[in-house]
Amino acid sequence: MLDIKFLRENLDRVKERLAARGGSIDWDRFAAIDRERREALVESERLKERKNRLSGEIGKLKKSGGDAAALMKEVETLTEAIRKAEAPLPEIEARFDEFMLSVPNVPHDTVPFGRGADDNPVVRQWGKPPEFDFTPKPHWDIGEELGILDFDRAAKIAGARFVIYHRQGALLERALAAFMLATHTLENGYAEVFPPFIVNTASLTGTGQLPKFADDLFKLEGTDFWLSPTAEVQVTNLYRDETLDAERLPLKHCAWSANFRSEAGSYGKDTRGIIRLHQFQKVELVKFVRPETSYDELESLTRDAESILQKLGLPYRVVTLCTGDLGFGAAKTYDIEVWLPGQNGYKEISSCSNFESFQARRAGIRYRTAGKSRSDYVHTLNGSGLAVGRTLVAVLENYQQKDGTVVVPEALRPYMGGLEKIA
RNA sequence: GGAGAGAUGGCCGAGUGGUCGAAGGCGCACGCCUGCUAAGCGUGUGUACCUCAAAAGGGUACCGAGGGUUCGAAUCCCUCUCUCUCCGCCA
């Protein structure tokens, strides 16, 4: 959510930057709602002020034994007037909130203009795609031949877009998560949390998934429970409606969790393998920082995510999302894309974003500097560090051997009982 | 699931219909005093929104949430949420 004052005072600039995202926003409607809301508020508050004053006088009169009948009569008419003045307010407020909650964040000045994913400039590249003296297989073939990925039984138990890991597959998934958590907690300074996988509407509104993107989520029927699509929701909402001491910032958390996405509208996309599932596991990085440091923090957050790929020896590149590809709440995003031989291309494995105060405003996350009376909104950032399933894909595809086995990256072996090869 | 207790400002804790945004204490900030690892004194100390060119000032709302009674509610009534205790069940 944008700051309403900022929005009013910088309307032209905001319009221009939001237009670069590609969507269209009905600004005339905004102007009308904003004006309507303020007029209704002023009128009802004016009436209430008078009523409060008269009520006080009635109290004094009664105490001193005077006759308050005339005043009480006037208050009666005021009550009716207030009722009338307030009647349209809930509906106006609802429209106002709906509008404010549906306006995306303003892209940062350093975000390049572009229409879509093809316009995302590459920032840097690490590692070289491995060369094979055979045709590298996609991970679903590797996994099924090794008997570690089982799609048929997953479909029987749950449905399409689920997987079951067997034996070293399950171990690899678990080892990757443990390795990522160890790196982020011991080397990168993130405090681990383990959150619920189910969240409520308020939390999803706080981080921006709701109200706009309900279709992407699983809802538990008859409850206010949703399956969380990313631990960004849980971890960011850790401090919802709290004011943090400035000395505690930056606050850095990592969390392993399962994530659930309906993948509505992704028919025919990544249908094979485990690239796009209804459930996947991810280690998430979340930061709460002072506004003036948030872009430096975005750089280091991205580097922290990259460190996992470097330790695993997986080639990747980093791209900046252009205005047309930027997510709803993000002011700036770097995507990390890992090299997948099976697809002969780079595939997103992490998305690192600075939300500035967009989420903090929705979620009421503030910070206060000792001695300063006024609190301000923190800036929130998050990024995957990394998506475990896609990392597993990258390991299988990049470390596959001619004989169908897969070499375990050195860094993972301690987490897999010393296993050197999946055969 | 059953029985009971509770939810007040950064914290503790008063407050059962009127001048309560809320006593008092702690903490914190600023100032004064004091020559000694401290104490004392004074003042101030919530948030959101509206109004105002801005500041000052003014206003509205908020005592877990929502509704109701009343001229007037932190105080009375109803519903809900959460926390705690005991029992049951369970991983």
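Note that the structure is a prediction, hence the values are computed from the model and not measured. The sequence lines fix the lettering, A, B, ..., with proteins before strands; numbering per chain opens at 1.
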Which pairs would a plain distance check flag for residues 321-331 of chain A, meaning a side-chain donor or acceptor within less than 3.5 Å of a matching protein atom at least two apart in sequence or in another chain?
| residue | atom | partner | partner atom | Å |
| --- | --- | --- | --- | --- |
| A:Thr323 | OG1 | A:Ala20 | O | 2.9 |
| A:Thr323 | OG1 | A:Gly114 | N | 3.1 |
| A:Thr323 | OG1 | A:Gly114 | O | 3.2 |
| A:Asp325 | OD2 | A:Asn120 | ND2 | 2.9 |

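Only the P atoms considered, B:G59 is 16 Å distant from B:U45, to the nearest whole Å. The P atoms of B:A74 and B:C62 are separated by 7 Å, rounded to the nearest whole Å. The separation of B:G4 from B:A91, taken at their P atoms, amounts to 28 Å, rounded to a whole angstrom. B:G24 and B:C78 have their P atoms separated by 33 Å, with the value rounded to a whole Å. On the C1' atoms, B:A65 is 15 Å away from B:U8, given to the nearest whole Å.
At a threshold of 4.0 angstrom between heavy atoms, the contacts of A:Lys51 are confined to the sugar-phosphate backbone, with no base atom among them.
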Please produce a list of atom pairs where a protein N or O lies less than 3.5 Å from an N or O of nucleotides 19-23 of chain B.
| residue | atom | partner | partner atom | Å |
| --- | --- | --- | --- | --- |
| B:U19 | O4 | A:Lys63 | NZ | 2.5 |

Write down the protein N/O and nucleotide N/O pairs, taken from nucleotides 61-64 of chain B, whose separation is under 3.5 Å; answer none if there are no such pairs.
| residue | atom | partner | partner atom | Å |
| --- | --- | --- | --- | --- |
| B:A61 | OP2 | A:Asn52 | ND2 | 3.3 |

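With sequence neighbours left out, A:Thr405 forms a side chain to side chain donor-acceptor pair (under 3.5 Å) with A:Asp403. Annotation: side chain to side chain contact (heavy atoms under 4.5 Å, CB included) contacts of A:Ala81 (sequence neighbours excluded): A:Leu47.
Of the side-chain N and O atoms in A:Arg366, one or more sit less than 4.0 angstrom from OP1 or OP2 of B:A48. When the side-chain nitrogen and oxygen atoms of A:Arg8 are compared with OP1 and OP2 of B:C50, one or more of them lie within a distance under 4.0 Å. Side-chain nitrogen and oxygen atoms of A:Arg38 include at least one within less than 4.0 Å of the OP1 or OP2 phosphate oxygen of B:U51.
Judged purely by atom type and a 3.5 angstrom limit, A:Asp119 uses its side chain to pair as donor or acceptor with the backbone of A:Arg115. Between the A:Lys287 side chain and the A:Pro250 main chain, no donor and acceptor come within less than 3.5 Å of each other. When atom types are taken as modelled, the side chain of A:Arg161 and the backbone of A:Arg276 share a donor-acceptor pair closer than 3.5 angstrom. At distances below 3.5 Å, not a single donor-acceptor pair connects side-chain atoms of A:Asn237 with backbone N or O atoms of A:Arg240. At distances below 3.5 Å, not a single donor-acceptor pair connects side-chain atoms of A:Thr236 with backbone N or O atoms of A:Val233.
When all heavy atoms are compared, the tightest approach of A:Gln168 to A:Ile422 is CB-CG2, 3.9 Å. Across all non-hydrogen atoms, the minimal contact from A:Leu340 to A:Ala394 is CD2-CA, 3.6 Å.
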Map every base of RNA chain B to its dot-bracket character, where paired means a Watson-Crick or G-U wobble contact with both distances under 3.5 Å and | marks a partner outside the strand.
((((((((.[[[..)..(.....]]]((((((.......))))))((((((.....)))))).[[[[[..)....]]]]])))))))....
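The listed nucleotides are B:C71, B:C49, B:U60; the one nearest the side chain of A:Leu41 is B:C49. Relative to the side chain of A:Val75, the nucleotides B:U60, B:C71, B:U51 differ in distance, and B:C71 lies closest. With B:G59, B:G18, B:U51 as the choices, the nucleotide that has an atom nearest any side-chain atom of A:Ile58 turns out to be B:G18.
Regarding A:Arg53, its CZ atom lies at a distance of 10 Å from the P atom of B:G59, rounded to whole Å.
Within a 6.0 Å sphere centred on NZ of A:Lys156, other residues, nucleotides and ligands contribute 12 heavy atoms or fewer.
Relative ring orientation between A:Trp256 and A:Phe194 is described as parallel, the plane-to-plane angle staying below 30° on a 0-90° scale split at 30° and 60°.
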